[in-house]
Amino acid sequence: MARLALVTGGQRGIGAAISEELLKAGRKVVASYAGNDAAAAAFTERTGIPTIKFDVSDFEACRAAVAKVEAEHGPIEILVNNAGITRDGTMKRMDREMWDAVIDTNLGSCFNLAKLVWDGMSSRKFGRIVNIGSINGQAGQYGQVNYAAAKSGIHGFTKALAQEGARSGITVNAIAPGYVDTEMVRAVPEDVLQKIIARIPVGRLGHAEDIARGVCFLTADDADFITGSTLSINGGQHMY
Ligand SMILES: NC(=O)c1ccc[n+]([C@@H]2O[C@H](COP(=O)([O-])OP(=O)(O)OC[C@H]3O[C@@H](n4cnc5c(N)ncnc54)[C@H](OP(=O)(O)O)[C@@H]3O)[C@@H](O)[C@H]2O)c1
């Protein structure tokens with residue numbers, strides 16, 4: 001039986017590439033999203049991958065969604081915590097709401113979903129969890145104390161949870177993408193973007209597929225000796 005992967009934020013941007021790459025690798029995939037119904041419908045029509053709408057920052061919504069996915073498709077054996085947002089601003093401009101939204105969506109979601117699939121993975125003695133961090137969680141970024149803290153938190157969360165899963169066949173890894181050509185990055189002003197590209201040794205932005213390839217590698221059945229690691233996929237921009 002094909003293993004089932006849940007990819008959060010899996011119908012758009014990097015997540016869509018992850019969902020498609022996992023499907024190509026023979027996994028069953030369900031992609032979650034927050035509210036962009038049009039993107040979800042177009043994605044399902046194009047790929048055949050079903051989607052489910054819920055807020056990853058809301059524990060009870062996650063509980064209901066995991067129960068629904070497992071009832072309809074079987075146990076979640078691969079979890080990719082990819083959903084994320086930015087609410088940028090310098091400390092002077094950042095308010096508590098911007099802080100909470102980014103911490104709850106980017107980091108709280110990793111707890112919510114890992115917690116909800118953990119007992120099942122433990123009892124089946126198999127699980128693959130990949131959390132999508134960021135180069136900005138490794139290196140910090142001006143105007144992103146919320147995002148850098150959340151992503152840096154993901155890297156710590158990954159290393160701690162990996163230790164708990166190791167004896168139960170559950171691997172927990174992170175990927176720290178550099179700048180990838182998605183809507184999130186296209187929102188950056190053009191002059192700033194050109195300066196960013198000039199600092200990337202390979203001379204281009206990443207493609208979503210570059211990240212998806214890493215997720216496939218880390219979630220393979222025979223990747224069982226790789227746990228607690230952070231894979232940097234950033235064109236050489238930050239060597240950590
Ligand atoms: N793009 C980059 O250069 C880059 C670099 C480093 C790390 N990352 C990380 O990679 C991940 C994907 O980034 P991306 O650029 O592909 O982002 P994106 O294009 O903005 O897509 C974000 C996805 O997350 C979903 N989402 C947002 N908030 C959610 C919530 N509260 N509940 C459920 N789903 C939610 C969105 O759903 P809707 O479509 O319904 O809104 C969408 O599917 C993020 O974690 C991001 O921080 C990106």
Side-chain angles (χ1 to χ4, degrees), residues 6-21 29-44 47 49 51-62 64-66 69 79-88 100-113 130-141 144 146-155 157-158 174-188 192-193 196-197 199-200 204-212 214-215 230-235 237-238 240:
L6 174 65
V7 182
T8 68
Q11 98 298 13
R12 188 157 84 69
I14 293 172
I18 294 170
S19 297
E20 290 185 66
E21 193 73 19
V29 181
V30 175
S32 90
Y33 70 105
N36 193 332
D37 296 321
F43 174 77
T44 299
T47 62
I49 296 171
T51 59
I52 178 165
K53 176 160 77 170
F54 65 96
D55 180 356
V56 292
S57 70
D58 176 339
F59 187 74
E60 289 311 318
C62 290
V66 165
V69 168
L79 169 66
V80 185
N81 283 312
N82 164 77
I85 57 168
T86 52
R87 296 285 183 273
D88 295 352
D100 286 342
V102 169
I103 297 292
D104 291 350
T105 303
N106 297 19
L107 179 58
S109 60
C110 293
F111 172 82
N112 291 346
L113 287 157
V130 177
N131 305 309
I132 305 299
S134 171
I135 188 173
N136 292 351
Q138 296 171 313
Q141 180 61 265
Q144 283 198 327
N146 51 2
Y147 186 81
K151 293 302 192 180
S152 183
I154 283 180
H155 298 147
F157 173 87
T158 297
I175 291 181
Y179 287 83
V180 180
D181 187 14
T182 66
E183 277 172 45
M184 189 181 267
V185 163
R186 269 174 243 136
V188 174
V192 178
L193 199 55
I196 290 170
I197 294 172
R199 290 203 306 267
I200 303 174
R204 66 164 175 87
L205 292 173
H207 302 310
E209 293 72 21
D210 295 325
I211 312 306
V215 173
T230 296
L231 179 59
S232 296
I233 305 181
N234 61 27
Q237 188 180 351
H238 181 71
Y240 193 60

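In this text the structure is predicted, and so the values were computed from the model without any measurement. Counting starts at 1 for both ligands and their atoms, in listed order.
- Of all atoms in ligand 1, listed by their number and element, those nearer than 4.0 Å to a heavy atom of Ala34 are 26 (N), 29 (C), 30 (C), 32 (N), 33 (C), 34 (N), 35 (C), 37 (O), 38 (P), 40 (O).
- By heavy-atom distance, the residue among Ala83, Gly9, Gly84 lying nearest atom 22 (C) of ligand 1 is Gly84.
- When all heavy atoms are compared, the tightest approach of Gly178 to Ile135 is CA-CG2, 3.8 Å.
- A heavy-atom separation below 4.0 Å is found between Gly35 and ligand 1.
- Those atoms of ligand 1 with a heavy atom of Val185 less than 4.0 angstrom away are 1 (N), 2 (C), 3 (O).
- Summary of contacts: the protein heavy atom closest to atom 5 (C) of ligand 1 is Gly178 O, 3.0 Å.
- Looking at Gln11, Arg12, Arg186, it is Gln11 that brings a heavy atom closest to atom 43 (O) of ligand 1.
- When only interatomic distances are considered, the shortest N/O to N/O separation between Lys151 and ligand 1 falls below 3.5 Å.
- Annotation: side chain to side chain donor-acceptor pair (under 3.5 Å) contacts of Gln138 (sequence neighbours excluded): Ser232.
- Closest non-hydrogen pair, Arg87 versus Val102, comes out as N-CG2, 3.6 Å.
- Nearest heavy-atom pair, Leu6 versus Leu113, reported as atom, atom and distance to 0.1 Å: CD2-CD2, 4.3 Å.
- For the pair Ala148 and Gly140, the tightest heavy-atom approach, listed with the atom from each and the gap, is CB-CA, 4.2 Å.
- In summary, the atoms of ligand 1 found under 4.0 Å from a heavy atom of Asn36, numbered by their order in the structure, are 38 (P), 39 (O), 40 (O).
- Remark: Asn234 CG to Ile175 CD1 distance equals 12.0 Å, nearest 0.5 Å.
- Counting protein heavy atoms only, atom 3 (O) of ligand 1 is closest to Val180 N, 2.7 Å.
- Rounding to the nearest 0.5 angstrom, the gap separating the CD1 atom in Ile196 from the CD atom in Gln237 is 7.5 Å.
- In terms of heavy atoms, Gly15 sits closest to Asn82 at CA-ND2, 3.4 Å.
- Put simply, part of Ile85 is less than 4.0 Å from ligand 1, judged by heavy atoms.
- The side-chain heavy atoms of Val56 and Thr105, taken from C-beta on, include a pair separated by under 4.5 Å.
- Residue Gly133 has at least one heavy-atom neighbour below 4.0 Å for each of these atoms of ligand 1: 7 (C).
- For ligand 1 and Phe54, the ligand atoms under 4.0 Å from any heavy atom of the residue are 32 (N), 33 (C).
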- Verdict with reasoning, Ile18 to Ile132, per side chain to side chain contact (heavy atoms under 4.5 Å, CB included): CA-CA 11 Å; Ile18 294 170; Ile132 305 299; 4.2 Å; yes

- Message: Apply side chain to side chain contact (heavy atoms under 4.5 Å, CB included) to residues Glu60 and Phe54 and explain how you reach the verdict.
- Response: CA-CA 10 Å; Glu60 289 311 318; Phe54 65 96; over 6 Å; no

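- Residue Asp55 has at least one heavy-atom neighbour below 4.0 Å for each of these atoms of ligand 1: 30 (C), 31 (N), 32 (N).
- The single protein non-hydrogen atom nearest to atom 17 (O) of ligand 1 is Met184 CE, 3.9 Å, given as residue, atom name and distance.
- Residue Thr182 touches ligand 1 through its side chain alone, judged by heavy-atom distances below 4.0 Å.
- Distance from atom 32 (N) of ligand 1 to its nearest protein heavy atom, with residue and atom name: Val56 N, 3.0 Å.
- Between Ser134 and Lys151, the shortest heavy-atom distance links the atoms CB-CG, 3.6 Å.
- With ligand atoms numbered from 1 in the order given, ligand 1 contributes 3 (O) to contacts under 4.0 Å with heavy atoms of Tyr179.
- Between the choices Ile52, Ile132, Ile135, Asn82, the shortest heavy-atom distance to atom 45 (O) of ligand 1 belongs to Asn82.
- Looking at Lys53 against ligand 1, nothing comes within 4.0 Å, counting heavy atoms.
- At a heavy-atom cutoff of 4.0 Å, ligand 1 is contacted by the side chain of Tyr147 but not by its backbone.
- A distance of 10.0 Å separates OG in Ser57 from CG in Asn106, rounded to the nearest 0.5 Å.
- Under the 4.0 angstrom criterion for non-hydrogen atoms, Ser109 is not in contact with ligand 1.
- Remark: ligand 1 atoms within the under-4.0 Å shell around heavy atoms of Gly13 are 16 (O), 19 (O).
- Looking at Thr51, its side chain never comes within 3.5 Å of a backbone N or O of Ser32 through a donor-acceptor pair.
- Here Ile14 has heavy atoms under 4.0 Å from ligand 1 in both its backbone and its side chain.
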